[in-house]
Amino acid sequence: MQRHKAAKSTLPFQPPFFYGWLMVAVGALGVFFSGPGQTYSVSVFINSYIEEFGWSRSFVSSLYSMGTLFAGLILPIIGRNVDKLGHRRMSSLITLLFGTACFFMSFVGSPVMLFMGFFLIRLLGQGSMSLSSVTLVPQWFVSKRGRALSLMALGGAISSAVLPPLNTWIIQTYGWRIGWQVWGVLLWAVMLPIALLLIRNRPEEVGLLPDGLSQVQVSNHALHDEQDQDSWTAKEAIRTRAFWLLLLCTAIPSAVGTGMIFHQVSILGEAGISAQTTAFVMSLMALVQLPVSLIAGYIADKVKIRYVIACNFAVQIIILLVLLNTRSVHMAIFYGVLRGITGAFEAIQSGVLWPSYFGRKHLGSIRGVAMTASVLGSAFGPLPFGFAFDFFGGYKEVLLLAMIFPAIGAVAALLSPPPVKKQTEAPEVVPAN
């Protein structure tokens, strides 16, 4: 095995532990600050637009879906630039632009401006901030990747628990425009300097190796060698059957999960569950996700990831059955606990999956395509639930139909062993006479 080239950049300081763990903390902070662009945060602002401008709920929801759709189509470009320019530059630029987008949202006064605002916060928050974080951490870990990603995922769980009530308080106290400006200031004042000063793209660039191992230790770990030698480009990955089956596994939970969350108050309200109890159930999901994320990371390091994904899909079918039969607060709480468990595994498995199958070198480009599928799923997911309610007067039919998709996802995961990259044969050396 060849020795790595000398470091091209230096660490800002030398911590008494492996620097990759600091990248985990930065990644967790990035996932946290993607919150202003996530559905759980944006949904708190929707009533403000309806009340101030007199727009209908379906109109605002349509603008949100269209903004999300167009944002998803651009994510492959973001992924390629993460590979090309590096996480440090891209994270800093994304944070700067995302803060600007939050300020733009505070000046919304027309449908066109709201569409543009939705497009920007979904592209830069839900898409780009998340993409940068979930591709940074796998660069620093291989054998400990699941555990590192489980710690990073805590940032998302905390964000989903904190932002909805915090946004509600800010809006009620100071107004929705100030709410957006607060997040713009926090992104610039907290996340931007951290991205500029602390992020380093790969351990090899600063004279380190993944997992904090020495050169001798890495030589004894075939997994590290294989991942560096067998990195796939995005074009090569797209030609494999596993890529498309796993893309399906990425889109399905995003579509079904977003559909349920977007209409959560209405679905549980139909079952006689109050809005206050529904809010508690949604907070419970985040609280459950916190400890389960640590367990999920450990399991992801020990069990083949496609089996983890298949089992998670099986639990999602149970969740739909529980939701379909919820008639009491106890059942609603049980539903929230199950959603928190699957949410924890979803956050880990996507981070482990793509580098495990296709290596680290072109991870940004590959994850960019995968996140497009995820964002598109979240854009279209709420629509069938809304149409079903308008047509059937309830959600029974669409919940029954939705069970088909996790079943398809489980089969797709089981049929997706890691592809084997064909090695270019070395030219035969003819001995001289």
Side-chain angles (χ1 to χ4, degrees), residues 1-2 4-5 20 23 27 72-87 90 127-128 130-146 148-149 201-205 209-211 218 221-251 300-301 303-310 348-376 409 412-426:
M1 181 176 180
Q2 294 181 349
H4 293 280
K5 295 179 180 179
M23 293 299 92
L73 297 175
I74 298 178
L75 282 176
I77 299 174
I78 302 296
R80 287 196 295 270
N81 279 284
V82 169
D83 288 336
K84 182 179 179 180
L85 301 177
H87 291 84
M90 283 299 294
S128 302
S130 299
L131 176 63
S132 180
S133 296
V134 299
T135 54
L136 171 63
V137 173
Q139 298 292 346
W140 287 81
F141 295 90
V142 178
S143 63
K144 299 177 182 177
R145 183 171 288 152
L149 287 167
N201 301 319
R202 291 166 59 93
E204 292 86 350
E205 292 184 2
L209 294 169
D211 295 313
V218 168
H221 285 71
L223 180 60
H224 290 77
D225 295 340
E226 291 171 2
Q227 291 229 329
D228 276 339
Q229 295 171 4
D230 296 339
S231 287
W232 302 63
T233 66
K235 290 183 178 179
E236 290 171 337
I238 288 172
R239 295 192 188 103
T240 66
R241 184 187 70 171
F243 179 86
W244 293 100
L245 290 174
L246 296 174
L247 209 62
L248 185 63
C249 294
T250 300
D301 282 337
V303 181
K304 291 182 179 179
I305 193 63
R306 67 180 186 274
Y307 297 147
V308 176
I309 295 173
I348 304 304
Q349 66 195 28
S350 61
V352 173
L353 174 65
W354 300 103
S356 297
Y357 271 58
F358 301 108
R360 296 186 296 145
K361 189 174 182 181
H362 306 284
L363 184 58
S365 300
I366 294 171
R367 283 303 306 267
V369 177
M371 287 201 69
T372 294
S374 178
V375 173
L376 293 181
L414 293 174
L415 294 177
S416 305
V420 178
K421 190 173 184 180
K422 295 180 179 179
Q423 300 293 336
T424 304
E425 295 183 2

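Throughout, residue positions are numbered sequentially from 1 according to the sequence presented.
- Scored by the salt bridge (charged side-chain N to carboxylate O under 4.0 Å, His left out) test, Asp83 finds no partners at all (sequence neighbours excluded).
- Put simply, the side chain of Thr250 gets close to the backbone of Leu246: a donor and an acceptor are under 3.5 Å apart.
- Judged purely by atom type and a 3.5 angstrom limit, Arg145 has no side-chain atom pairing as donor or acceptor with the backbone of Ala300.
- Taking the side chain to side chain donor-acceptor pair (under 3.5 Å) definition, one finds that Ser128 meets it with nothing, sequence neighbours left out.
- Of all non-hydrogen atoms in Leu245 and Ser416, the two that sit nearest each other are CB-OG, 3.1 Å.
- Atom CH2 of Trp232 sits about 10.0 Å away from atom CZ of Arg239, to the nearest 0.5 Å.
- Distance check: Gln139 CD to Met23 CE gives 12.0 Å after rounding to the nearest 0.5 Å.
- A donor-acceptor pair is defined here as one N or O able to donate and one able to accept, closer than 3.5 Å; no such pair exists between the side chain of Ser130 and the backbone of Gly127.
- We find the CD1-OH distance between Ile366 and Tyr357 to be 13.5 Å, quoted to the nearest 0.5 Å.
- At distances below 3.5 Å, not a single donor-acceptor pair connects side-chain atoms of Arg360 with backbone N or O atoms of Val142.
- Of all heavy-atom pairs between Ser133 and Gly27, the closest is OG-O, 3.3 Å.
- For the pair Tyr307 and Leu414, the tightest heavy-atom approach, listed with the atom from each and the gap, is CD2-CD2, 3.7 Å.
- To the nearest 0.5 Å, atoms CG (Leu149) and OG (Ser350) are separated by 8.0 Å.
- Between Ala413 and Cys249 the shortest heavy-atom distance is N-SG, 3.7 Å.
- Panel note: side chain Trp244, backbone Ile238; a donor-acceptor pair is recorded below 3.5 Å.
- One finds the OG atom of Ser374 at 9.0 Å from the CG atom of Leu75 (value rounded to the nearest 0.5 Å).
- Rounding to the nearest 0.5 angstrom, the gap separating the CG atom in Asn81 from the CE atom in Met90 is 5.0 Å.
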**Prompt:** When you look at Phe358 and Thr240, which way does the side-chain contact (heavy atoms from CB on, under 4.5 Å) test go after all the steps?
**Reply:** CA-CA 10 Å; Phe358 301 108; Thr240 66; 3.8 Å; yes
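- Panel note: side chain Thr372, backbone Leu73; no donor-acceptor pair is recorded below 3.5 Å.
- The closest side-chain heavy-atom distance from Pro419 to Arg241 is not below 4.5 Å.
- Scanning all heavy atoms of the two residues, the minimum distance from Leu131 to Gly368 falls at CD1-N, 3.8 Å.
- The shortest side-chain heavy-atom distance between Trp140 and Asp211 does not fall under the 4.5 Å cut-off.
- Summarising the geometry of Gly72 relative to Pro76, their closest heavy-atom pair is O-CD, 3.8 Å, with the distance given to 0.1 Å.
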